[in-house]
Amino acid sequence: MTERTIADADPVSEVLAWLQQSTGAADALGGPGRVSGIPEAPWPHLLVGHGPGGDLRSLTWATEPEVTLEVWGDPGGWPGKANLRRILLHCAKAAQGLVEAPHVPGRPTIAGIKPSGLLLWAPLVDGQPRWIMNLAVTIHP
């Protein structure tokens, strides 16, 4: 078996897969099939992507990169600013469940997930509502 390196420890893949099967995220978003890596209907929708910061340390073992969570509302404005914020926080809390999940051999180990920075209200220029937050994910191969 080839030795795993830090390049094999992708926090986005791990968090995305976890939230796609999470009943907590599905309940907050209004049903399954609303978590992916692209902004798409059905709305509200959670987009999981690479964050702008984090700590890659020495690139040898454990790192703490950021994962960005974006919750997008309907282009017509539904379900509203306050409800979208609540949905995003429920999804972030659901992501933290990955830390306590049993380790799957051959997969990276997630040792911690915590908020990194603040929640940002960032509607699109066309008015589509969106909240953004980052999670610092402590991960090692």
* Asked: Same cluster for Leu119 and Leu135 if Ile/Leu/Val/Met/Phe/Trp/Tyr side chains link at under 4.5 Å?
  -> yes
* For residues Leu124 and Pro39, determine if any side-chain heavy atom of one lies less than 4.5 Å from a side-chain heavy atom of the other. => no
* To do: Answer with yes or no whether the hydrophobic clustering places Trp43 together with Val71; edges join I, L, V, M, F, W, Y residues whose side-chain heavy atoms lie under 4.5 Å apart.
  => no
* Within 6.0 Å of CG in Leu59, more than 12 heavy atoms from elsewhere -> yes
* Mind checking whether Leu69 and Ile110 sit in one hydrophobic cluster, side chains of I, L, V, M, F, W, Y counted as touching below 4.5 Å? -> yes
* Glu64 side chain vs Val137 backbone, donor-acceptor pair below 3.5 Å -> no
* Non-hydrogen side-chain atoms of His50 and Glu66 separated by less than 4.5 Å -> no
* Could you pull out the closest heavy-atom pair between Arg130 and Trp121, with the gap in Å? => O-CE3, 3.4 Å
* Check against side chain to side chain contact (heavy atoms under 4.5 Å, CB included), Thr109 and Ile139 -> CA-CA 6 Å; Thr109 299; Ile139 186 170; over 6 Å; no
* Consider only side-chain heavy atoms of I, L, V, M, F, W and Y, link residues closer than 4.5 Å, and tell whether Ile6 and Leu56 are in one cluster. => yes
* Looking only at atom types and distance, does a side-chain atom of Glu100 sit under 3.5 Å from a main-chain N or O of Gly97, one as donor and one as acceptor? -> no
* Where the side chain of Gln96 meets the backbone of Ile113, is there a donor-acceptor pair that is under 3.5 Å apart? -> yes
* Asked: Is there a donor-acceptor pair under 3.5 Å between the side chain of Trp131 and the backbone N or O of Arg86?
  -> no
* To do: Find out if a path of hydrophobic residues (ILVMFWY) with successive side-chain heavy-atom gaps under 4.5 Å connects Leu88 to Val48.
  => yes
* Are any side-chain N or O atoms of Glu70 and backbone N or O atoms of Met133, one a donor and one an acceptor, separated by less than 3.5 Å? -> no
* Measure from the ring center of Trp72 to the ring center of His45 and say whether it is less than 6.0 Å. => no
* Backbone N/O of Thr5 and side chain of Asp8: donor-acceptor pair under 3.5 Å -> yes
